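This is a predicted model, so every value here is computed, not measured. Positions are given from 1, in the same order as the sequence printed here. Atoms within a ligand are numbered from 1 in the order they appear, just like the ligands themselves.
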Amino acid sequence: MTLALHGIGVSGGYAIGRAQLYSHARLEAPHYVLRPEHIESEIARFTAAVESVHAELLALQTHIPGGAPTELSAFIEVHALILSDSMLSQAPKKRIREEACNAEWALAQQTEALIAQFESIEDEYLRERRHDVRQVADKVLKSLMGHPGHAPLKSVAEGESILIAHDLSPSDMVLFKRHTFAGFITDLGGATSHTAILARSLNLPSVMALHNARSLIRENDWLIVDGVAGIVIVAPDNAILDEYRLRQNQWLLEQKKLRRLKTSPSITLDGAHISLQGNIDLPSDVPQALGENVDGIGLFRSEFLFLNRDDLPGEEEQFEAYRAVAEGMRGRPVIIRTLDVGADKSVRWMADTSVNPALGLRAIRLCLAEPQIFITQIRALYRASHYGKIKILLPMLASLSELDQALTLIATARGSLRIENIPFDAEIEIGGMIEVPAAALAAEWFARKLDFLSIGTNDLIQYTLAIDRTDDAVAHLYDPLHPAVLGLIDHTLRVGQKMGKPVSICGEMAGDPRLTRLLLGMGLTTFSMHPAHILSVKQQVMRSHVGELAPQVRKLLRAGRPERIQEMLERLNNSNTE
Ligand code: PEP
Ligand code: MG
């Protein structure tokens with residue numbers, strides 16, 4: 001029976017394919033088909049991995065230090081019991097034999113099935129054991145990945161698969177970059193959660209906040225993901241499939257037309273040069289940014305170098321990453337934001353104890369609490385500045401004392417490089433993110449001490465409206481057009497103009513072509529967004545006349561009621577100035 005589920009479309013386009021239920025291991029695990037003669041040795045590889053994890057647990061158990069909590073021993077015992085259970089230690093062998101698949105994949109599938117069983121248990125204590133199952137399976141998976149088996153007969157195509165998850169973390173999304181799913185959908189999440197931002201960066205049609213898709217959809221169901229309208233159609237009939245294939249083709253055609261703008265200058269009808277810059281997450285994103293002809297990198301979210309690992313990246317590793325981006329951008333400016341972990345971007349080395357992580361020890365707050373982590377990053381950034389045009393951006397500033405402390409630590413790092421005679425760009429610019437309402441209201445004070453400001457609208461909206469950006473239950477209240485939000489952006493832009501300090505926007509608002517004219521009319525001249533949105537924003541820029549927009553936008557900023565603002569925005573977008 002055909003079923004339509006409604007959520008939030010976070011990344012445009014249409015995907016048609018078969019459902020693959022998510023498991024974390026599935027993203028980590030490769031999937032390939034084995035030659036029949038390799039099946040027995042694959043089973044032996046799996047057995048060896050289970051045995052090595054057993055031995056590891058035994059060694060841990062016998063070497064528990066004297067002062068360790070008594071729970072530790074019980075904890076290891078539970079893991080050993082889980083590992084011995086035939087559901088984990090035997091069932092994957094059956095899968096390898098029956099599906100001729102590699103051991104990692106068989107384990108990932110079996111883990112997912114087991115976890116689904118645990119999730120349906122009423123008793124909370126027992127249900128929570130699913131996390132132990134995951135941890136034990138991860139250990140076996142790691143052991144397998146350290147001892148690769150035979151070459152695959154063939155890789156299994158993911159191109160037509162749609163990943164279904166209850167929730168995906170930003171760390172999971174980074175792993176996505178290595179896969180080629182056609183689209184994905186989740187039950188949870190808001191439109192500007194980091195998961196959604198990464199989804200946009202992958203340019204995959206995706207819908208989030210579907211509430212119960214994960215329990216309604218079965219493995220291999222046919223699905224249509226309509227990332228434009230935020231709809232997922234389960235088991236579509238032929239007529240619906242035909243209709244969506246048509247829409248998919250039209251969408252692709254429009255994207256192709258947009259490509260013609262790639263080399264066109266980003267200039268408004270009245271001659272204003274608008275700088276369109278790219279947001280990236282990893283050095284490997286540079287080619288895509290260059291492919292869209294960005295004017296520079298307006299936001300490199302450096303924290304993605306810190307996810308999916310047990311340790312911290314050292315100075316050398318960070319230096320290489322920043323240098324790669326600086327050199328890769330061939331002289332164009334690169335704004336690298338210092339570590340912004342916490343909230344939805346959790347890292348393994350940081351205890352997750354915050355009661356309300358979005359308001360907790362996040363971003364610059366964490367860096368000031370752990371100055372060595374910050375100084376290491378600053379040293380790496382300064383060293384890399386010798387190889388390109390790097391600027392440093394400080395996230396989540398709320399009070400001037402934080403800025404003062406950060407600047408002192410930066411001076412310390414700079415001083416240490418001088419003593420060591422290590423070259424760096426002495427003129428490196430330091431900017432601050434305006435993403436906490438307090439910082440927006442006090443923008444003038446921050447601007448005095450900084451070289452530039454960058455408005456992070458994702459957090460600015462979250463903190464102004466008290467809407468958790470990751471919570472699908474309040475996603476409908478997350479409103480970029482709220483007069484308070486527009487007022488804070490406008491105030492920050494005016495402060496920048498008055499004080500001669502450049503102000504850009506690097507939050508998702510900058511990449512939304514429906515808001516381009518509004519922001520142009522407010523006086524914004526630098527937009528930073530995911531490279532995939534550059535051309536549609538450029539198209540708006542080229543159709544706009546800032547001089548004509550400005551008075552209309554002033555009127556809009558004075559309108560308080562949401563319906564009125566919406567109506568005026570539509571008029572703004574539809575007025576023909578060409
Ligand atoms: C923002 O908050 O708008 C921003 C650009 O930073 P992030 O989305 O990484 O929090
Ligand atoms: Mg932010």
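Judged by distance alone, the side chains of Ser302 and Gln377 do bring a donor and an acceptor atom under 3.5 Å apart. In this structure, a donor-acceptor pair under 3.5 Å is absent between the side chains of Thr516 and Gln540. Side-chain N/O atoms of Asp472 and His211 include a donor and acceptor closer than 3.5 Å. The closest side-chain donor-acceptor pair between Ser454 and Ser504 falls under 3.5 angstrom. Between the side chains of Ser193 and Arg469, not a single donor N or O lies within less than 3.5 Å of an accepting N or O. Checked by atom type, the side-chain pair Asp459/Gln462 shows a donor-acceptor distance below 3.5 Å. Defined by atom type and a distance below 3.5 Å, a donor-acceptor pair is present between the side-chain atoms of Ser528 and Asn279.
Under 4.0 angstrom from ligand 1, there are no non-hydrogen atoms of Leu460. Using a 4.0 Å cut-off between heavy atoms, Leu299 contacts ligand 1 through its side chain alone, with no backbone atom that close. The proximity of Met433 to ligand 1, defined as any non-hydrogen pair under 4.0 Å, is limited to the side chain.
Under the 4.0 angstrom criterion for non-hydrogen atoms, Met529 is not in contact with ligand 1.
Proximity to Arg362 (heavy-atom distance under 4.0 Å) selects the following atoms of ligand 1: 10 (O). Close approach of ligand 1 to Arg301 (heavy-atom distance below 4.0 Å) involves ligand atoms 4 (C), 5 (C), 6 (O), 7 (P), 8 (O), 9 (O). The atoms of ligand 1 that sit less than 4.0 Å from any heavy atom of Asp459 are 1 (C), 2 (O), 3 (O), 10 (O). Against a heavy-atom cut-off of under 4.0 Å, Cys506 is close to the following atoms of ligand 1: 5 (C). Taking a cut-off of under 4.0 Å to the non-hydrogen atoms of Ile197, the atoms of ligand 1 that pass are 8 (O).
Looking only at N/O/S atoms, Glu435 comes nearest to the Mg ion (ligand 2) through OE1. Here the N, O or S atom of Asp459 that is nearest to the Mg ion (ligand 2) is OD2.
For Asp404 and Lys449, the salt-bridge test passes: some basic side-chain N is under 4.0 Å from an acidic carboxylate O.
One option in Gly456, Ser528, Ala363 has a heavy atom closer to atom 1 (C) of ligand 1 than any other, and that option is Gly456. Proximity annotation for atom 2 (O) of ligand 1: of Met396, Glu435, Arg337, Glu435 comes nearest, heavy atoms only.
For a threshold of 3.5 Å applied to N or O pairs, the pair formed by Glu303 and ligand 1 contains no separation below that value.
Nearest non-hydrogen protein atom to atom 7 (P) of ligand 1 is His194 NE2, 3.1 Å. Ranking the protein heavy atoms by distance from atom 8 (O) of ligand 1 puts Arg469 NH2, 2.7 Å first.
No more than 12 heavy atoms of other residues, nucleotides or ligands lie within 6.0 Å of CD in Glu427, so this atom counts as exposed by the packing criterion.
The closest side-chain heavy-atom distance from Thr464 to His482 is not below 4.5 Å.
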